Asker: 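Got a structure for you, written out below as structure tokens; questions coming shortly.
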There are 2 protein chains.
Amino acid sequence: MILSTKGRYGLKAMFELGLQYGNGPIPLKIIAERQNIPENYLEQLIAILRKAGLVKSVRGAQGGYLMQRSPEEVTVGQVLLALEGPMAPAECVADPEAPKCKLASGCVTRGVWEKINNSIHNVIDTMTLQNMIEDQVSSIEKE
Amino acid sequence: MILSTKGRYGLKAMFELGLQYGNGPIPLKIIAERQNIPENYLEQLIAILRKAGLVKSVRGAQGGYLMQRSPEEVTVGQVLLALEGPMAPAECVADPEAPKCKLASGCVTRGVWEKINNSIHNVIDTMTLQNMIEDQVSSIEKE
DNA sequence: TAAATATCCGACTAAATTTGTCCGATGACT
DNA sequence: AGTCATCGGACAAATTTAGTCGGATATTTA
């Protein structure tokens, strides 16, 4: 079930933007180098994040990207939602509007999907980019 | 991130086999009808489950499939692992043998993937097919 | 003003995965 | 012998993944 590179690269890129928060724009090239992501591909991913309102851009020389909101206000879940779609095991638990399974016997797997969905969202909707940054700092201190 | 039909169909099929446990083999056709799964496709999926040691088969007339072990002994995680591969957000937390991310800065997302991985496995590795069956029974009683 | 920097936009593509379908062979029961 | 049912492999359309590339646009700097 491994996530695609969209989500994996994208979260790394958002982490770099979070580190830089408050210090003006950072160009894509730097992010791509630091996180070892193909620059041209990252360009597509950051466009998605921009359209999702998580990132804003400054064009031209000395330009680059910045977080739209502060790292405390952005959760891992918001980033993954933009890039991977709903982080749910099945449509029926991803979207409250989703059509109910139309089996006469009732859906026998829905309970499982709900439990998985809740456990995932319990993590990704509470963890912010700020938390990621703090975790990183404290893990470096330990060395 | 929605799971593929492999996992979704496969778990429904295993549920049917669990219901039938102890009563001899049940043909694929019946399972496909009850759970509204294309029979020819389910044939492929059940072959995977058979090779994973979760299901055994009886050929010929009055044949069909049965669970290899009892529903108490089979977890949702085992079924999903066979059909979807590791239920982890990233390779590095799916497999302890996986090569470490080789970034000088260290992997900044690993902590997130570990938390997600743990929360998923906390659900799928403790929930058995027997649990699913019991949940289904009690939800029917409520009506 | 020209050059350099950097985003923006869309087109393109190879490869893999998904979601099946189909068919013939094999084995077992009646 | 006939029927039921699994077994195995081939085939394929559609989608997704994981990029690559080129040119247009905007901004700063020299």
Side-chain angles (χ1 to χ4, degrees), chain A residues 1-13 16-17 20 24-68 80 82-86 89-91, chain B residues 1-13 16-17 20 24-68 80 82-86 89-91:
Chain A
M1 189 215 57
I2 309 295
L3 293 182
S4 75
T5 56
K6 277 188 201 168
R8 306 205 313 275
Y9 289 168
L11 189 58
K12 289 183 180 200
E16 290 294 330
L17 290 177
Q20 191 69 13
I26 175 173
L28 210 61
K29 194 182 176 182
I30 304 296
I31 300 178
E33 274 169 14
R34 289 194 186 149
Q35 292 296 334
N36 197 31
I37 301 169
E39 186 183 342
N40 288 328
Y41 188 34
L42 184 54
E43 204 174 300
Q44 280 186 41
L45 305 186
I46 208 145
I48 296 171
L49 294 169
R50 190 168 48 85
K51 282 164 194 159
L54 297 171
V55 159
K56 63 183 171 183
S57 60
V58 178
R59 297 180 70 161
Q62 308 306 315
Y65 295 93
L66 336 79
M67 290 193 62
Q68 183 92 357
L80 294 181
L83 294 163
E84 297 277 345
E91 277 291 351
Chain B
M1 190 214 59
I2 309 295
L3 293 183
S4 74
T5 56
K6 277 188 199 166
R8 306 204 313 274
Y9 289 168
L11 189 58
K12 289 185 179 196
E16 290 293 330
L17 291 177
Q20 191 68 12
I26 174 173
L28 211 59
K29 193 180 176 182
I30 304 298
I31 299 176
E33 275 170 12
R34 289 194 187 151
Q35 291 296 334
N36 197 31
I37 301 169
E39 186 183 343
N40 288 328
Y41 188 34
L42 185 54
E43 205 171 299
Q44 282 186 40
L45 306 185
I46 209 147
I48 296 171
L49 294 169
R50 191 167 48 82
K51 283 163 194 161
L54 296 171
V55 158
K56 62 184 173 182
S57 60
V58 177
R59 297 182 70 162
Q62 310 306 314
Y65 294 92
L66 341 78
M67 290 192 64
Q68 182 92 356
L80 294 181
L83 294 164
E84 296 277 346
E91 277 289 350

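Just so we're on the same page: letters track the sequence lines, and every chain starts at 1. Values in this document were obtained by computation on a predicted structure and should not be read as measured data.
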Asker: May I ask you to evaluate whether A:Thr5 reaches the phosphate of D:dA18, defined as a side-chain N or O under 4.0 Å from OP1 or OP2?
Answerer: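 Result: yes.
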
Asker: Nearest whole Å is fine: how far is D:dT27 P from A:Lys56 NZ?
Answerer: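 So the two atoms are 14 Å apart, to the nearest Å.
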
Asker: Start with the C-alpha distance between B:Ile46 and B:Leu17, add both sets of side-chain angles, then the distance that settles side chain to side chain contact (heavy atoms under 4.5 Å, CB included), and finish with yes or no.
Answerer: CA-CA 11 Å; B:Ile46 209 147; B:Leu17 291 177; 4.2 Å; yes

Asker: Where do A:Ala82 and A:Leu54 come nearest, in terms of heavy atoms and distance?
Answerer: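 Between these two residues, the closest heavy atoms are CB-CD1, 4.4 Å.
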
Asker: Respond yes when some side-chain nitrogen or oxygen of B:Tyr9 is under 4.0 Å from OP1 or OP2 of C:dG20, and no when none is.
Answerer: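 B:Tyr9 to C:dG20 OP1/OP2: side-chain N or O found under 4.0 Å.
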
Asker: Looking only at side-chain N and O atoms, does B:Tyr65 come under 4.0 Å of OP1 or OP2 in D:dA5?
Answerer: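 Looking at the OP1 and OP2 atoms of D:dA5, neither is under 4.0 Å from any side-chain N or O of B:Tyr65.
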
Asker: Please state how far atom CD1 in B:Ile26 lies from atom C1' in D:dC4, giving the value in whole angstrom units.
Answerer: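 Nearest whole value for this atom pair: 15 Å.
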
Asker: When the distance from CG of B:Leu3 to P of C:dT17 is rounded to whole Å, what number comes out?
Answerer: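 That distance rounds to 16 Å.
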
Asker: Please state whether the phosphate of D:dC7, meaning OP1 or OP2, lies under 4.0 angstrom from any side-chain nitrogen or oxygen of B:Ser57.
Answerer: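 For B:Ser57, the contact criterion (side-chain N or O under 4.0 Å from OP1 or OP2 of D:dC7) is met.
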
Asker: Would you mind reading off the distance between A:Glu91 atom CD and C:dT18 atom C1', rounded to a whole angstrom?
Answerer: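 From A:Glu91 CD to C:dT18 C1': 15 Å.
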
Asker: B:Asn36 CG to C:dG20 P: how many Å, rounded?
Answerer: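 Between P of C:dG20 and CG of B:Asn36: 10 Å.
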
Asker: Under a 4.5 Å cut-off applied to non-hydrogen side-chain atoms, are A:Leu83 and A:Tyr9 in contact?
Answerer: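 Sidechains of A:Tyr9 and A:Leu83: no contact.
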
Asker: Pick base, sugar-phosphate or nothing for A:Lys6, based on heavy-atom distances below 4.0 Å to the nucleic acid.
Answerer: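 If one applies the 4.0 Å heavy-atom cut-off, A:Lys6 turns out to touch the sugar-phosphate alone, with no base involved.
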
Asker: Does anything in residues 37-52 of chain A reach DNA chain C, meaning a heavy atom under 4.0 Å, and if so which residues?
Answerer: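 Hits under 4.0 Å, by residue number: A:Glu43, A:Gln44, A:Arg50.
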
Asker: Please confirm whether the shortest side-chain N or O distance from B:Ser4 to OP1 or OP2 of C:dT17 is below 4.0 Å.
Answerer: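 It does not, given that no N or O in the side chain of B:Ser4 lies less than 4.0 Å from OP1 or OP2 of C:dT17.
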
Asker: Quick test of your reading of the model: are B:Glu16 and B:Arg34 salt-bridged, counting only N-O distances below 4.0 Å?
Answerer: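 Yes, this pair counts.
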
Asker: Measure CD/A:Glu84 against P/D:dT17 and give the value in whole Å, please.
Answerer: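 Spelled out: CD on A:Glu84 to P on D:dT17 is 7 Å.
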
Asker: Pairs under 3.5 angstrom, nitrogen or oxygen only, protein versus nucleotides 2-5 of chain C, please.
Answerer:
{"unit_1": "C:dT5", "atom_1": "O2", "unit_2": "A:Ala61", "atom_2": "N", "d": "3.0"}

Asker: Please round to the nearest 0.5 Å and tell me the distance separating atom CD1 of B:Ile26 and atom CD of B:Gln62.
Answerer: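 Rounded to the nearest 0.5 Å, the CD1-CD separation comes to 12.5 Å.
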
Asker: Look up atom CG in B:Leu28 and atom CD in B:Glu43, then write down how far apart they are to the nearest 0.5 Å.
Answerer: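 The CG atom of B:Leu28 sits 6.0 Å away from the CD atom of B:Glu43.
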
Asker: Whole angstroms only, please: what is the CE-P distance between B:Met1 and D:dT16?
Answerer: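 So the CE-P distance, B:Met1 to D:dT16, works out to 16 Å.
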
